[in-house]
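See below for the structure under consideration.
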There are 2 protein chains.
Amino acid sequence: MTRGLTSAERALATLRDLIMGGELAPGARLGEVELAERLGVSRTPVREALSRLAAEGLVEIAPNRGARVATWTVAELEGVFDLRSVLEPQLTAHAVPNATAADVDELDDLARRMHEVGTPGPRQELDALVPLNRAFHDRLVALAAHPTLATALAAAIHPPIVRRNFLTYDEASLRRSLAHHGEIVAALRAGDPEWARAVMTSHIANARAVMVRAARVQTADQVAPREESA
Amino acid sequence: MTRGLTSAERALATLRDLIMGGELAPGARLGEVELAERLGVSRTPVREALSRLAAEGLVEIAPNRGARVATWTVAELEGVFDLRSVLEPQLTAHAVPNATAADVDELDDLARRMHEVGTPGPRQELDALVPLNRAFHDRLVALAAHPTLATALAAAIHPPIVRRNFLTYDEASLRRSLAHHGEIVAALRAGDPEWARAVMTSHIANARAVMVRAARVQTADQVAPREESA
DNA sequence: CAGCCCTACGTTGCATGCAATCGTGCGGGA
DNA sequence: TCCCGCACGATTGCATGCAACGTAGGGCTG
């Protein structure tokens, strides 16, 4: 359907998208039969997909008690940012020598567009920021050409966290974040890996502060473990 | 058998041990029926275990073509050490404030025993070094009390690499490595996370140099993709 | 004689069926 | 009234069977 791959692969990709896209909220129960019907396959590939997602940390499986979308405490969220705070700067530093002028121009373009739609004012469209931000960071990861680091980072990020909290930036933090993107472009253009590493470290620290604060207030209305959000 | 867990869990643990223990050499073919008979279960839990091991990076699965124990190039090995070079120092720094005097004493004991059996001379027993080293590092990981970092590190380490190359230290590198352990204990006792972080960074860099060199020479006699070694 | 196709085997991928386990609601006893 | 025990329903865990894919070998054709 989606591609010529196996059913298990499609189930894996679909479930990942559903979780990362927020359609399956953290804590939502993942019944095998329900998912199998929803995806039009049998329980076997669903089980395999759930298993792999559990290995990735996106779902939690309790033996004989089924799977749920993974939840996390504030402490775990801080742990994730702790991890990012060492991985992403390292990745960024690796990207510097690999970036061509064209690459830098593309990143520059992304940074400028994020600045446009992100700056507070009449033209602000925070929703447009999410895909641009993702594109920017993905581009950096690709430039680093470092599969091991990239895999570790992908496993760590737990995209739902990022996604759910991305719109909670206060104005000052958002301005800092936008400025960081521009500065990373500058560091790339200058070919200075240590500069790039330092900016990315700041970038993550800034995001960490925002998201931990947002998670703290969110835990209040997460008392009832709702089933689904879609 | 092993425990009261599910068959899939046992298959997973068993396969992991077989791979990490070196009984299944990198590149060895992993037929589902063969493994199922060997483990006394059906193909289903074996498939699940293989899937999860693939997610962990220990095996590689080609669709419709089966699974093999993961192999790696020298570049990937360098990538792994790149990852460790940021993760393990961070973990060590986190361990510092959590270490009680008793913890430090235990680590000190391990470091001293490693020094005894590792120092070149009549009493040298390099084989005894492997479990001691592992105990030392595991203890540090536990002290860090940082599940996210610990998971990322465990996923990165690819123990077969470490295991296969551990006995290839030249004398100078080995002396440095043993000294690092003692110095980490000193940093813990002093309660200085930056000191501990710095020593661990050196420790990984030293190991990296040894293992990359060892891997380079090993690739020579790895031309023939042997099936199994046990 | 070389190259290609086609067939047959082995393996993986998936669906289905059955047994075991867990959660839950009800009834009996203290 | 409250608590413990029990049986029912629902769900997971695993085994088996069948279909699809990949691979290797032999025969045919140019």
Side-chain angles (χ1 to χ4, degrees), chain A residues 1-16 18-19 24-25 27-71 224-228, chain B residues 1-16 18-19 24-25 27-71 224-228:
Chain A
M1 196 181 300
T2 321
R3 284 188 294 274
L5 298 174
T6 70
S7 295
E9 294 282 339
R10 284 190 284 114
L12 180 65
T14 306
L15 277 177
R16 214 189 331 240
L18 284 176
I19 295 173
L24 291 172
R29 201 176 178 298
L30 299 170
E32 295 181 1
V33 287
E34 176 197 339
L35 291 175
E37 291 175 2
R38 188 164 173 173
L39 300 177
V41 295
S42 100
R43 283 173 47 219
T44 307
V46 171
R47 279 183 65 79
E48 185 166 333
L50 287 176
S51 229
R52 296 191 59 168
L53 288 172
E56 292 179 26
L58 278 182
V59 313
E60 295 164 343
I61 296 182
N64 285 318
R65 290 176 54 186
R68 311 186 85 90
V69 179
T71 59
R226 63 216 146 178
E227 281 302 298
E228 295 186 24
Chain B
M1 196 179 300
T2 323
R3 282 188 294 274
L5 297 176
T6 70
S7 294
E9 294 283 338
R10 283 189 284 115
L12 180 65
T14 307
L15 277 177
R16 213 188 333 239
L18 284 176
I19 296 174
L24 291 171
R29 199 172 180 297
L30 299 170
E32 296 181 0
V33 288
E34 177 197 340
L35 291 175
E37 291 174 2
R38 187 162 173 174
L39 301 177
V41 294
S42 97
R43 282 173 47 217
T44 307
V46 171
R47 280 181 64 80
E48 185 166 331
L50 287 176
S51 225
R52 295 191 60 168
L53 288 173
E56 291 178 27
L58 277 183
V59 314
E60 295 164 343
I61 295 183
N64 286 317
R65 291 176 53 185
R68 311 187 85 90
V69 179
T71 59
R226 61 215 146 180
E227 283 301 299
E228 296 185 25

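Letters A, B, ... mirror the listed sequences (proteins, then strands); counts begin at 1. All figures in this text were calculated on a predicted structure; none of them were measured in a lab. Keep in mind that the numbers below use all heavy atoms, side chains included, and drop hydrogens, waters and symmetry copies.
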Please examine the side chains of B:Thr44 and A:Thr44, heavy atoms only from C-beta on, and report whether any two atoms are closer than 4.5 Å.
no
Under 4.0 angstrom, heavy atoms only, what part of the nucleic acid is B:Ser7 near: base, sugar-phosphate, or nothing?
sugar-phosphate
Evaluate the side-chain contact (heavy atoms from CB on, under 4.5 Å) criterion for residues B:Leu50 and B:Leu35: first the C-alpha distance (whole Å), next the side-chain angles of each, then the deciding distance (0.1 Å), finally the verdict.
CA-CA 10 Å; B:Leu50 287 176; B:Leu35 291 175; 4.2 Å; yes
All N/O contacts under 3.5 Å from nucleotides 20-25 of chain D to the protein, with atom names and distances to one decimal?
residue, atom, partner, partner atom, Å
D:dT23, OP1, B:Arg65, NE, 3.0

Provide, to the nearest angstrom, the distance between the CD atom belonging to A:Glu32 and the C1' atom belonging to D:dG13.
8 Å
Can you check side-chain contact (heavy atoms from CB on, under 4.5 Å) on B:Leu58 and B:Leu15, steps first, answer last?
CA-CA 10 Å; B:Leu58 277 183; B:Leu15 277 177; over 6 Å; no
Identify which one of A:Leu18, A:Thr14, A:Val33 satisfies the side chain to side chain contact (heavy atoms under 4.5 Å, CB included) criterion when paired with A:Arg38.
A:Leu18
Could you give me the CA-CA distance, side-chain angles and deciding distance for A:Arg16 and A:Glu56, then say whether side-chain contact (heavy atoms from CB on, under 4.5 Å) is met?
CA-CA 10 Å; A:Arg16 214 189 331 240; A:Glu56 292 179 26; 2.6 Å; yes
Would you check if A:Glu48 and A:Leu12 make a side-chain contact, meaning some heavy-atom pair closer than 4.5 Å?
no
Please tell me whether B:Ser7 and B:Arg10 have a donor and an acceptor in their side chains that are separated by less than 3.5 angstrom.
yes
Along DNA chain C, 5' to 3', what are the outermost nucleotides having an atom less than 4.0 Å from a heavy atom of chain B?
C:dT11 to C:dG13
Distance check needed: D:dT11 C1' versus A:Arg68 CZ, whole Å only.
13 Å
Between B:Arg52 and B:Glu9, is the closest basic N to carboxylate O distance under 4.0 Å?
yes
Roughly how many Å is it from CZ in A:Arg43 to P in D:dT11, rounded to a whole number?
10 Å
